[in-house]
Amino acid sequence: MNRLIIAFLLALSSIQMVLPLNVLAETETSKEDLLKQRMSLYVQFEDMLVPWYFLAAIDQYERNIQAVRKDIPSREGVVAIRFSDEYWAGPFNPLIQDNSPTTIDYFGGMGLDGDKDGVADAENDIDIIYTMASYLSHYGPSEADFKKALWDYYTNETIVNQVLAIASLYKKYQDINLDQYTFPVALGYNYTFKGTWGANRGWGGRRIHEGTDIFADYGTPVLSASYGVVVTKGWNKFGGWRIGIRDHHNSYHYYAHLSSYAKEIEVGDIVKPGTIIGYVGSSGYGSEGTSGKFPPHLHYGIYKFNGRYEWAYDPYPSLLQWERTAKAQLKKN
């Protein structure tokens, strides 16, 4: 009997060890398939007035905020775009979940029948993408036209700029799979770091440390950790010479205390993981040009935008993972 119990426990242990690998494989496969399905929808409904990356950027922005907002339900389906009942069915429509194209049009609703099945379904991926493409087509194909369409739809400048950043990334790389990351300090140099999130800071007023300090020698190359758009470059009295890069997940990557910038880096530039953006220094804690008030290091922080406001979160766990990945890749090469 004891032998049977032991054999059973060993078998169960083997299953538990194998199962996560299988689940992981299935998850990765599902992600690839999902990205292909999304891209297929974007391309299906693009035209001369609505490039696919405009649709993809809005969809990704909506997905981003649903992931971090408890007051917004996550939409089940391939796309994440959600329309309000009033927008879809019409503000004076007595049937707030109307799906008849005829009555929706009569009451001034924007919902459309994209798959031509006679139903304008606000839960149908094709109808949703077709409706958004139709909305954008009334403006025009240029970035200025897209910006105007975004403003009329969201009436929020920060949201508009975030969606524009995502669109520019998708346009540049002709891809929506931009989830690769790397460690933000070149591995061939000496550096050290530990979790410093929440530590007390006193200069300029009592505050907490919103990031991770990576100590390294002056001039050590600082790398972009992600795909992103350079949205900030210049002096900050706390961060000294700093650069801010926004990625397609509504995350703002903050690189501070630099000694100098990479010569070719300017606001509006699009970068990828590993692009040199500057060099480690000790600038900050004073008026422009102040340096040497602390040992040289990179202050790295991440801020998330949820459609209403932006907040910082601890980047240390991500840095550990990116360092492991970068070292494994370096060893492989």
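Nothing here was measured: the structure is a model prediction, and the numbers come from that model.
- Heavy-atom contacts from other residues, nucleotides or ligands closer than 6.0 Å to CD of Glu157 number 12 or fewer.
- Nearest heavy atoms, Ala312 versus Tyr303: CB-CE2, 3.4 Å.
- Counting only heavy atoms from C-beta outward, the side chains of Thr212 and Leu298 never approach each other to under 4.5 Å.
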- Query: Could you go step by step and tell me if Ile214 and His297 meet the side chain to side chain contact (heavy atoms under 4.5 Å, CB included) rule?
  - Reply: CA-CA 5 Å; Ile214 305 174; His297 68 277; 5.8 Å; no
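- Between Lys171 and Glu143 no salt bridge is recorded (no basic side-chain N to carboxylate O distance below 4.0 Å).
- For Tyr139 (side chain) and Leu150 (main-chain N/O), no donor-acceptor pair under 3.5 Å exists by modelled atom type.
- Counted within 6.0 Å of CD on Gln97, heavy atoms from surrounding residues, nucleotides or ligands total 12 or fewer; the atom is thus considered open.
- Following chains of ILVMFWY side-chain contacts shorter than 4.5 Å, one can reach Val222 starting from Trp235, so the two form part of one hydrophobic cluster.
- Here the CG-CG distance, from Asn156 to Asn161, works out to 9.0 Å after rounding to the nearest 0.5 Å.
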| said: With side chain to side chain donor-acceptor pair (under 3.5 Å) as the criterion, how do Tyr181 and Gln321 come out once you've worked through the C-alpha distance, each side chain's angles and the decisive distance to 0.1 Å? | reply: CA-CA 9 Å; Tyr181 296 88; Gln321 178 181 342; over 6 Å; no
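- In this structure, Asp115 and Asp127 have side chains that are in contact, with non-hydrogen atoms separated by less than 4.5 Å.
- The nearest pair of heavy atoms linking Ile270 to Lys172 is CD1-CB, 3.8 Å.
- Using a 4.5 Å heavy-atom threshold, the side chains of Phe54 and Pro141 count as separate.
- The shortest distance between side-chain heavy atoms of Val231 and Ile245 does not fall below 4.5 Å.
- A continuous path of hydrophobic side-chain contacts links Tyr135 to Val79 [ILVMFWY only; heavy atoms under 4.5 Å].
- Side-chain contact between Asp179 and His249 is present, with heavy atoms from C-beta onward closer than 4.5 Å.
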Stepwise side chain to side chain donor-acceptor pair (under 3.5 Å) check, Gln60 with Asn64 | CA-CA 6 Å; Gln60 182 61 37; Asn64 292 339; 2.8 Å; yes
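- Scanning all heavy atoms of the two residues, the minimum distance from Phe146 to Ala167 falls at CE2-CB, 4.0 Å.
- In this structure, Arg242 contributes its side chain and Tyr254 its backbone to no donor-acceptor pair below 3.5 Å.
- Annotation: the span from Asp269 atom CG to Glu264 atom CD amounts to 8.0 Å, rounded to 0.5 Å.
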In sequence, state the C-alpha distance, the side-chain angles, and the governing distance for Lys147 and Val160, and then conclude on side chain to side chain contact (heavy atoms under 4.5 Å, CB included).
CA-CA 7 Å; Lys147 187 174 183 178; Val160 169; 3.7 Å; yes
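- Taking all atoms of both residues into account, the shortest heavy-atom contact from Trp322 to Ala225 is CZ3-CB, 3.8 Å.
- In this structure, Tyr218 contributes its side chain and Ser282 its backbone to no donor-acceptor pair below 3.5 Å.
- In this structure, His248 has its ring center under 6.0 Å from that of Tyr170.
- Between Val229 and Ala165 the shortest heavy-atom distance is CG2-O, 3.7 Å.
- Heavy atoms of other residues, nucleotides or ligands lying less than 6.0 angstrom from NZ of Lys116 number more than 12.
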Which pairs of donor and acceptor atoms, one on a side chain in residues 41-51, lie under 3.5 Å apart (sequence neighbours left out)?
unit_1: Tyr42; atom_1: OH; unit_2: Asp59; atom_2: OD2; d: 2.3
unit_1: Glu46; atom_1: OE1; unit_2: Trp52; atom_2: N; d: 2.8
unit_1: Asp47; atom_1: OD1; unit_2: Leu49; atom_2: N; d: 2.8
unit_1: Asp47; atom_1: OD1; unit_2: Val50; atom_2: N; d: 2.8

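- With values rounded to the nearest 0.5 angstrom, Glu266 atom CD is found 9.0 Å from Ile243 atom CD1.
- Residue Met132 is grouped with residue Leu164 when hydrophobic side chains (ILVMFWY) are merged at heavy-atom distances under 4.5 angstrom, including chains of intermediate members.
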Using the side chain to side chain contact (heavy atoms under 4.5 Å, CB included) rule, take Tyr153 and Ile159 through it: C-alpha gap first, then chi angles, then the decisive distance, then the call. CA-CA 10 Å; Tyr153 189 76; Ile159 295 176; over 6 Å; no
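- Between Leu320 and Tyr316 the shortest side-chain heavy-atom distance falls below 4.5 Å.
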When you look at Tyr255 and Ser224, which way does the side chain to side chain contact (heavy atoms under 4.5 Å, CB included) test go after all the steps?
-> CA-CA 9 Å; Tyr255 306 81; Ser224 175; 4.1 Å; yes
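- Ser283 places a side-chain N or O within 3.5 Å of a backbone atom of Leu258 that can act as its donor or acceptor partner.
- Counting heavy atoms from C-beta on, the side chains of Glu76 and Glu123 never come closer than 4.5 Å.
- In the hydrophobic clustering of ILVMFWY residues, with side-chain heavy atoms under 4.5 Å counting as a link, Tyr279 and Ile265 come out apart.
- Between Asp71 and Arg308 a salt bridge is recorded (basic side-chain N to carboxylate O distance below 4.0 Å).
- Atom-to-atom distance recorded for Tyr309:OH and Thr158:OG1 is 14.0 Å, nearest 0.5 angstrom.
- Taking CD1 of Ile72 as the start and CG of Asn306 as the end, the distance is 8.0 Å to the nearest 0.5 Å.
- Atom CZ of residue Arg38 and atom CG of residue Asn177 lie 10.5 Å apart, to the nearest 0.5 angstrom.
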Steps toward side chain to side chain donor-acceptor pair (under 3.5 Å) verdict (Gln66, Arg75):
CA-CA 8 Å; Gln66 289 172 23; Arg75 184 182 177 279; over 6 Å; no
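- Between Trp88 and Ile104 the shortest heavy-atom distance is O-CG2, 3.1 Å.
- In this pair, Tyr285 and His257 present their aromatic rings perpendicular. The plane angle is above 60°, beyond the 30 to 60° band.
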Could you go through the side chain to side chain donor-acceptor pair (under 3.5 Å) check for Asp98 and Thr103 one step at a time? CA-CA 8 Å; Asp98 193 0; Thr103 53; 2.3 Å; yes
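- Judged by the 6.0 Å and 45° rule, Lys304 forms no cation-pi pair with Tyr313.
- Of the possible polar contacts, none joining the Thr192 side chain to the Phe215 backbone as a donor-acceptor pair under 3.5 Å is found.
- Ring to ring, Tyr61 and Tyr154 are close: their centroids are under 6.0 angstrom apart.
- Looking at Tyr191 and Thr220, their side chains never come closer than 4.5 Å, going by heavy atoms from C-beta outward.
- Salt bridge Lys36/Glu32: absent, no basic N to carboxylate O contact under 4.0 Å.
- In the hydrophobic cluster analysis, where Ile, Leu, Val, Met, Phe, Trp and Tyr join through side-chain heavy atoms closer than 4.5 angstrom, Ile58 is grouped together with Ile176.
- Of the possible donor and acceptor atoms, one in the side chain of Gln162 sits under 3.5 Å from a partner among the backbone N and O of Asp247.
- Judged by distance alone, the side chain of Ser134 and the main-chain N or O of Thr131 form no donor-acceptor pair under 3.5 Å.
- Without hydrogens or angle criteria, Asp125 side chain to Val78 main chain gives a donor-acceptor distance under 3.5 Å.
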